[in-house]
Amino acid sequence: MIESIKRLVGNKKREQGKKELLEQIKKAPLPEHVAIITDGNGRWAKKRGLPRTAGHAAGMKRVREVIREADNLGIKVLTFYSFSTENWKRPQEEVEYLMKLPIEFLKTGLKELVERNVKVQMLGEKSKTPTQTQQALIKFEEETKHNTGLILNFAINYGSRDEILRAVKNIIDDVQNGHIDKEEIDEQTMNRYLLTKGLPDPDLVIRTSGEIRVSNFLLWQLAYSELLFTDTMWPDFTIEHFHQAIAEFQRRSRRFGAV
Ligand code: IPE
Ligand code: IPE
Ligand code: MG
């Protein structure tokens, strides 16, 4: 009896704490662009004796929750690193599963994104993905292209070095065909040739699973991002963790080289 009362009181305190955290983060400026390296799905599954694919399924649920919360909070841009240009090296079965996730998400998640006025964009070369995946990715973009709310990017078959190389090649082409003058190339020019064209740089980059590296993600764009590494595996990353990450961002002092 006493134990259950203690548990009730404990739960109530935790709920109160969560509410206070939310109130607190709403008072300070939010990051405009949050980018997340959703890592640790495989290890999360392995620890539970499940196949890696079960980790990806659990991770997908967290992706949906974080999208909702970012939208609720009024964050402008949210980017997920979902599949890197290096992830093709994984076992075929796992790659196939990962490529099916957008198809599944289209069926069960597009409606809500449309209702929420979310604009979905893909970063990465879609043409290398299986036909059905490609169609799903295109459909997401098509169906949401006039939306004016949260900009939601999925980096799929994305690699930052690849992105930078393409930008450089396209700039060279445009210098040669006279569209731009070599002397006028500056950081803004580069920004226009990257896949993140028109988007603000990430203010906050979160990586889950305890790995402290960026794994070929937005190398140009994260020059001045606040980086946050957490040991939490992505399928365990709750809304409360998301709020804590934002609170941590709000405690940081960003100087951009100034004093
Ligand atoms: C992240 O989880 C998802 C993708 C890279 C697609 P992982 O699959 O990398 O999980 P770990 O790092 O092996 O635990
Ligand atoms: C980074 O995770 C890419 C994604 C989350 C999609 P990885 O698991 O592929 O990165 P490494 O291999 O640990 O650097
Ligand atoms: Mg990983």
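First listed ligand is number 1; within each ligand, the first listed atom is number 1. We're numbering straight along the sequence, starting at 1.
Remark: distances from the non-hydrogen atoms of Ser84 to ligand 1 are all 4.0 Å or more. Under a 4.0 Å heavy-atom criterion, Met233 is not in contact with ligand 1. For the pair Glu211 and ligand 1, no heavy-atom separation below 4.0 Å is found. The closest approach between a heavy atom of Lys46 and any atom of ligand 1 is not below 4.0 Å. The shell of residues lying under 4.0 angstrom from ligand 1, judged by heavy atoms, includes Gly40.
Neither the backbone nor the side chain of Ser209 comes within contact range of ligand 1; no heavy atom lies under 4.0 Å. Using a 4.0 Å cut-off between heavy atoms, Phe83 contacts ligand 2 through its backbone alone, with no side-chain atom that close. Contacts of Leu98 with ligand 1, taken as heavy-atom pairs under 4.0 Å, involve the side chain alone.
In this structure a side-chain-to-backbone donor-acceptor pair under 3.5 Å is present from Asn216 to Arg161.
The Mg ion (ligand 3) sits nearest to atom OD1 when only the N, O or S atoms of Asp39 are considered.
Closest heavy-atom approach to atom 13 (O) of ligand 2 within the set Arg90, Lys89, Arg213: this belongs to Arg213.
A heavy-atom distance below 4.5 Å is not found between the side chains of Val214 and Tyr81.
Of the protein's heavy atoms, at least one falls inside 4.0 Å of atom 11 (P) of ligand 2.
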